[in-house]
Every structure is written in C-alpha cells, then in structure tokens.
Amino acid sequence: FARGVITTRFVRNTLAVPTDAVHQVSGHSTIYLAVGNKNNLHIESRPVQVGLEANGKSQILSGNAVGDQVIESQTELTDGTKVQLSKFAL
C-alpha cells in the first residue's frame with residue numbers, strides 16, 4: 001500500500017482565501033470582509049467567483065482584491081455588524 005500526491009495543475013499569482021471563508025448564500029459563493037477604518041470596522045458580504053480548491057484554500061477569480069480583510073467564519077455573518085480585529089490578525 002502506498003499513498004502519494006500528484007499535482008495536476010499549478011497556478012501562480014492568484015488570490016486565494018481559506019476554503020472555510022467561502023459560504024454559499026442564496027446559491028452564490030460569498031465571502032465576508034472587514035471594511036472601514038481601524039476604529040469603525042464592519043462586516044460586508046461580497047459575492048465571489050471561485051476557481052480551484054485545494055489544501056484548504058479556494059482560488060478567487062473575481063470579487064476580491066489584494067489587501068481585502070477576509071473574515072474566516074464557520075457560519076453566515078450579517079452585513080453591517082461591527083467587528084474588531086485581534087492583535088493576532090495577519
């Protein structure tokens with residue numbers, strides 16, 4: 001018995017988020033972002049187009065930009081809810 005991994009496709013220079021950050025809302029792939037200034041952050045949902053998924057990451061083809069603060073959550077969140085970033089957030 002042997003186990004191995006075969007890479008069939010490799011994508012460079014792409015946006016990716018944790019797969020747990022992508023939710024299905026009304027049939028659409030959606031991510032939640034922390035938007036606003038440092039002292040007034042709130043949740044904003046954003047529809048995205050998802051590409052490849054592998055190793056706990058999902059490629060985002062559209063709907064997200066470099067620098068967006070994506071919220072990883074196991075549940076759906078509500079637009080407009082105030083949030084605070086922890087000092088451990090990257």
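Given the structure is predicted, the values throughout are model-derived calculations rather than measurements. Throughout, numbering of the chain's residues begins at 1 and tracks the sequence.
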Q: Is Lys82 close to Ile43 at the side-chain level, that is, under 4.5 Å between some pair of heavy atoms?
A: no
Q: Would Gln59 and Thr14 count as having a side-chain donor-acceptor pair, cut-off 3.5 Å?
A: yes
Q: Going by the side chain to side chain contact (heavy atoms under 4.5 Å, CB included) test, name the single residue among Val35, Leu33, Ile31 that passes it with Asp68.
A: Leu33
Q: Pairing donors with acceptors under 3.5 angstrom, does anything connect the side chains of Thr30 and Ser45?
A: no
Q: Could you measure the distance from the CG atom of Leu15 to the OG atom of Ser58? Nearest 0.5 Å is fine.
A: 12.5 Å
Q: Could you tell me whether the side chain of Asn64 reaches within less than 4.5 Å of the side chain of Val17, counting heavy atoms only?
A: yes
Q: Calculate, to the nearest 0.5 Å, the distance between atoms NE2 and OG belonging to His23 and Ser73 respectively.
A: 4.5 Å
Q: Enter the distance from Gln84:CD to His42:NE2 here, rounded to the nearest 0.5 Å.
A: 15.5 Å
Q: What is the minimum heavy-atom distance between Val25 and Tyr32, and which atoms define it?
A: CG2-OH, 3.8 Å
Q: If we ignore angles and hydrogens, is there a donor and acceptor under 3.5 Å between the side chains of Ser29 and Gln24?
A: yes
Q: If you look at every heavy atom in Val83 and Ala34, which pair is closest and at what distance?
A: CG2-CB, 4.0 Å
Q: Is there a path from Val70 to Leu77 through hydrophobic residues (I, L, V, M, F, W, Y) whose side chains come within less than 4.5 Å of each other?
A: no
